[in-house]
Amino acid sequence: MNTAILITGQYRPHVGNAKQLIQNIIDIFKCEIFFHTWADNVATTPIEFHNRLVYCAEPEVDYHPISDIEWVGKHGKWRNYKEKKLLYNKTQNANKQLIGYADLLNKIPDHIDMCIRTRWDMMVSSKVDFKPWIKHAYENGPVGFMTRGNRKHDANKLIPLSEKAQNDKNDDWYGYLPDSLIMHRREHFDTSLVTKLHSEKNLAPAEWGFYQVMSEPYGDIHTSIHGGAHIAR
């Protein structure tokens, strides 16, 4: 297993201790690391990250990744999001992260076969043991971590989604892959599928999009975990 940390999105200098967030991730996983951002953001990305930084032009998304796509999320709330245009503006560009991640995966060395994907502004817990989940992701399918304070999740505890929640179509996490931190075998993110879905104006956003690309095509193979990582503010 050759593992790499893959950081995507935009470096956010306004986030307190932004550079320390990255060092914390490096210290936790102790493996190769690569970064990705949009071409217009390279100049504002700290120079010390440039030797492992790749980039591409920010893509144009001329469709809404929920309201305009044909793909149907299996979550019980998908229909409301689509028909009532809930969080319409917030989700307008939320599939770009999949496009950027696909570009990064296409550019990292071929020997990398295990990936740990996260964002520049992510606080990853140093108080939990991620090793069993790396093994689980390699052997069984992608594992996604996310912490929601309003759901009383503790970032320093890892709690797999309950069996009840896994079968509740209205549970917040039903039918999507938590994307604060995702561990997966490289083959479980088909970059050509992302390109195809986007060209067909059918690529879903954020957690729904990661599920659409990384789990659904393989028979719902992902695991969702409460805890482990949260966005730094």
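One-based numbering along the sequence shown.
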Same cluster or not: are [X] and [Y] linked, directly or through other Ile, Leu, Val, Met, Phe, Trp or Tyr residues, by side-chain heavy atoms under 4.5 angstrom apart?
{"X": "I33", "Y": "Y11", "answer": "yes"}
{"X": "I225", "Y": "F130", "answer": "yes"}
{"X": "V143", "Y": "V124", "answer": "yes"}
{"X": "Y101", "Y": "I99", "answer": "yes"}
{"X": "L53", "Y": "I5", "answer": "yes"}

If you take all heavy atoms of [X] and [Y], which pair is closest and at what distance?
{"X": "C56", "Y": "D103", "result": "CB-OD2, 3.4 Å"}
{"X": "P178", "Y": "S224", "result": "CD-OG, 3.2 Å"}
{"X": "M122", "Y": "S180", "result": "CE-O, 3.6 Å"}
{"X": "G175", "Y": "Y211", "result": "O-CD2, 3.3 Å"}
{"X": "I134", "Y": "M1", "result": "CG2-SD, 3.8 Å"}
{"X": "F34", "Y": "P109", "result": "CZ-CD, 3.5 Å"}

To the nearest 0.5 Å, how far apart are [atom1] in [X] and [atom2] in [Y]?
{"X": "I26", "Y": "L21", "atom1": "CD1", "atom2": "CG", "result": "11.0 Å"}
{"X": "T195", "Y": "L98", "atom1": "OG1", "atom2": "CG", "result": "11.0 Å"}
{"X": "K85", "Y": "S67", "atom1": "NZ", "atom2": "OG", "result": "5.5 Å"}
{"X": "W133", "Y": "T223", "atom1": "CH2", "atom2": "OG1", "result": "6.0 Å"}

Handout entry: Trace of the side-chain contact (heavy atoms from CB on, under 4.5 Å) decision for F29 with T3
Key = CA-CA 9 Å; F29 295 111; T3 304; over 6 Å; no
Compare all side-chain heavy atoms of [X] with those of [Y] and state whether any distance is below 4.5 angstrom.
{"X": "T44", "Y": "N41", "answer": "yes"}
{"X": "I108", "Y": "L6", "answer": "yes"}
{"X": "I22", "Y": "F35", "answer": "yes"}
{"X": "D154", "Y": "T147", "answer": "no"}
{"X": "K77", "Y": "N170", "answer": "yes"}
{"X": "F189", "Y": "T191", "answer": "yes"}
{"X": "L177", "Y": "E207", "answer": "no"}
{"X": "I116", "Y": "L181", "answer": "yes"}

Restricting to salt bridge (Lys or Arg N to Asp or Glu O under 4.0 Å), what partner residues turn up for [X], sequence neighbours left out?
{"X": "K196", "result": "E200"}
{"X": "K169", "result": "none"}
{"X": "K201", "result": "D62"}
{"X": "K157", "result": "none"}

Enumerate the salt bridge (charged side-chain N to carboxylate O under 4.0 Å, His left out) contacts for [range], please, sequence neighbours excluded, ordered by first and then second residue.
{"range": "residues 210-223", "result": "K74-D220"}
{"range": "residues 15-43", "result": "K19-E48, E32-R52"}
{"range": "residues 3-15", "result": "R12-D121"}

[X] (side chain) donor-acceptor with [Y] (main chain) under 3.5 angstrom:
{"X": "R185", "Y": "Y138", "value": "yes"}
{"X": "S162", "Y": "A165", "value": "yes"}
{"X": "Q212", "Y": "L203", "value": "no"}
{"X": "S215", "Y": "H222", "value": "yes"}
{"X": "R117", "Y": "D179", "value": "yes"}
{"X": "D171", "Y": "N167", "value": "no"}
{"X": "R186", "Y": "L105", "value": "yes"}
{"X": "D113", "Y": "N2", "value": "yes"}

Run the ring pair (Phe, Tyr, Trp, His ring centres under 6.0 Å) test against [X] and tell me which residues pass, sequence neighbours left out.
{"X": "Y81", "result": "W208"}
{"X": "W38", "result": "H36"}
{"X": "H153", "result": "W173, H226"}

Exercise for the section: Please report the C-alpha distance between D168 and K164 in whole Å, then the side-chain angles of each, then the deciding distance to 0.1 Å, and finally whether the salt bridge (charged side-chain N to carboxylate O under 4.0 Å, His left out) criterion is met. Expected result: CA-CA 6 Å; D168 180 358; K164 178 182 178 182; over 6 Å; no
Practice task
Dump the intermediate steps for ring pair (Phe, Tyr, Trp, His ring centres under 6.0 Å) on Y63 and H198, then the final yes or no.
Solution key: CA-CA 9 Å; Y63 59 96; H198 180 51; 5.6 Å; yes
Exercise for the section: Take I182 and M214, measure what side-chain contact (heavy atoms from CB on, under 4.5 Å) needs, and give me the verdict at the end. Expected result: CA-CA 10 Å; I182 301 177; M214 302 179 71; 3.9 Å; yes
Other residues, nucleotides and ligands only: do more than 12 of their heavy atoms fall within 6.0 Å of [atom1] on [X]?
{"X": "D110", "atom1": "CG", "answer": "no"}
{"X": "E187", "atom1": "CD", "answer": "yes"}
{"X": "N17", "atom1": "CG", "answer": "no"}

Practice task
Indicate whether any N or O donor in one side chain lies under 3.5 Å from an N or O acceptor in the other, for T45 and H50.
Solution key: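 No pair is found: no donor N or O on one side chain lies under 3.5 Å from an acceptor on the other.
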Practice task
Please step through side-chain contact (heavy atoms from CB on, under 4.5 Å) for the pair T91 and H64, ending with a clear verdict.
Solution key: CA-CA 8 Å; T91 55; H64 193 277; 3.1 Å; yes
Exercise for the section: Please lay out, stage by stage, how S126 and N24 fare under the test side-chain contact (heavy atoms from CB on, under 4.5 Å). Expected result: CA-CA 8 Å; S126 60; N24 178 58; 4.1 Å; yes
Exercise for the section: Please state whether the rings of W78 and W71 are parallel, tilted or perpendicular, taking 30° and 60° as the class boundaries. Expected result: perpendicular
Exercise for the section: Flag the pair F210 / Y176 as yes when their ring centroid distance falls below 6.0 Å, and as no otherwise. Expected result: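 No, ring centres 6.0 Å or more apart.
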Problem - Linked hydrophobic residues, Y174 as query - side chain contacts closer than 4.5 Å - result: none
Exercise for the section: If you link ILVMFWY side chains whenever their heavy atoms are less than 4.5 Å apart, which other residues fall into the same cluster as I221? By chain and number, please. Expected result: Y218
